[in-house]
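Contents: one structure, followed by commentary.
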Amino acid sequence: KHMSHPPEIQLIANVVVHDGHGRILLVRYNPTGEIDDHDADARWWLPAHELDAFQHPDDAARIAVDEISGLDIDSLELSRVQSFRGRRGWHLSFDYEASAKGEPQGCSIPARWFDRLDLPAMMHGNWERDTIDAVLG
């Protein structure tokens, strides 16, 4: 079917950061930069960075983890690529696995470790959990 405007395509590098002890690092992209544990509507995300034109996904994944102060990244490897239809069009997601040590601190983007078996409410429902499971096996 002919479309007057093709759907938007969003290219994203997501990073499943784990510490090797069952914890997953999640971030909250929030304009105020504050974490409110009593906010029932608060949602967490995987660290991510939308690719700029001609940017390599490896570089975008590195930016996503470098935005979080206090972490020592041991490894960063592409695990899989997935595509799906979103609200604005198609998403092409480059999913990375990263092993890290340290505690996020003084970050412009709030970040926190969570037990993999006790994750909080996520921004995209089960998508983040499914991505974590697929990347970590």
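As a basis for the values below, the full set of heavy atoms in this structure was taken, side chains included, without hydrogen atoms, waters or symmetry mates. Model, not experiment: these values are computed from the prediction.
Summarising the geometry, atom CG belonging to L92 is positioned 9.0 Å from atom CD belonging to Q82; distances are rounded to the nearest 0.5 Å. For the atom pair CH2 of W44 and CZ of R28, the computed distance is 4.5 Å after rounding to the nearest 0.5 Å. Annotation: the span from I132 atom CD1 to I24 atom CD1 amounts to 5.0 Å, rounded to 0.5 Å. The distance from the CD1 atom of I12 to the OG atom of S93 is 6.0 Å, given to the nearest 0.5 Å. A distance of 12.0 Å separates CG in L26 from CH2 in W45, rounded to the nearest 0.5 Å. Here R112 contributes atom CZ and I68 contributes atom CD1; the two are 13.0 Å apart, rounded to the nearest 0.5 Å.
L71 and W113 get closest at one heavy-atom pair: CD2-CZ2, 3.9 Å. Contact between A111 and P104 at its shortest, heavy atoms only, is O-CG, 3.5 Å. Residues A60 and L51 approach most closely at CB-CD1, 3.7 Å, considering heavy atoms. What you find for F94 and V81 is that their closest heavy atoms are CD2-CG2, 3.8 Å.
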Stepwise side chain to side chain contact (heavy atoms under 4.5 Å, CB included) check, N14 with H49: CA-CA 7 Å; N14 296 296; H49 186 78; over 6 Å; no
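Among residues at least two apart or in separate chains, salt bridge (charged side-chain N to carboxylate O under 4.0 Å, His left out) pairs with a member in residues 115-136 are R116-D133.
In the hydrophobic cluster analysis, where Ile, Leu, Val, Met, Phe, Trp and Tyr join through side-chain heavy atoms closer than 4.5 angstrom, L25 is grouped together with M123.
Counting only heavy atoms from C-beta outward, the side chains of D95 and V16 never approach each other to under 4.5 Å. Taking 4.5 Å as the limit, every side-chain heavy atom of L46 sits out of range of all side-chain heavy atoms of V27. Side chains of R43 and M122 form no contact here, defined as non-hydrogen atoms less than 4.5 Å apart.
Residues that satisfy the side chain to side chain contact (heavy atoms under 4.5 Å, CB included) test with D66, not counting sequence neighbours, are R62. With sequence neighbours excluded, no residue forms a side-chain hydrogen bond (donor to acceptor under 3.5 Å, both in side chains) with S79. By the side-chain hydrogen bond (donor to acceptor under 3.5 Å, both in side chains) test, E77 is found to be paired with no residue, residues two or more places apart in sequence or in another chain being considered. In this view, H91 and F84 satisfy the ring-ring contact (aromatic ring centres under 6.0 Å, His included) rule, not counting sequence neighbours.
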Quick one: side chains of residues 96-103, donor-acceptor pairs under 3.5 Å with protein atoms, not counting sequence neighbours, listed by atom name and distance.
{"from": "Y96", "atom 1": "OH", "to": "P57", "atom 2": "O", "distance (Å)": "3.4"}
{"from": "Y96", "atom 1": "OH", "to": "D58", "atom 2": "N", "distance (Å)": "3.0"}
{"from": "Y96", "atom 1": "OH", "to": "D58", "atom 2": "OD1", "distance (Å)": "2.5"}
{"from": "E97", "atom 1": "OE2", "to": "H18", "atom 2": "NE2", "distance (Å)": "2.8"}
{"from": "E103", "atom 1": "OE2", "to": "R23", "atom 2": "NH2", "distance (Å)": "3.3"}

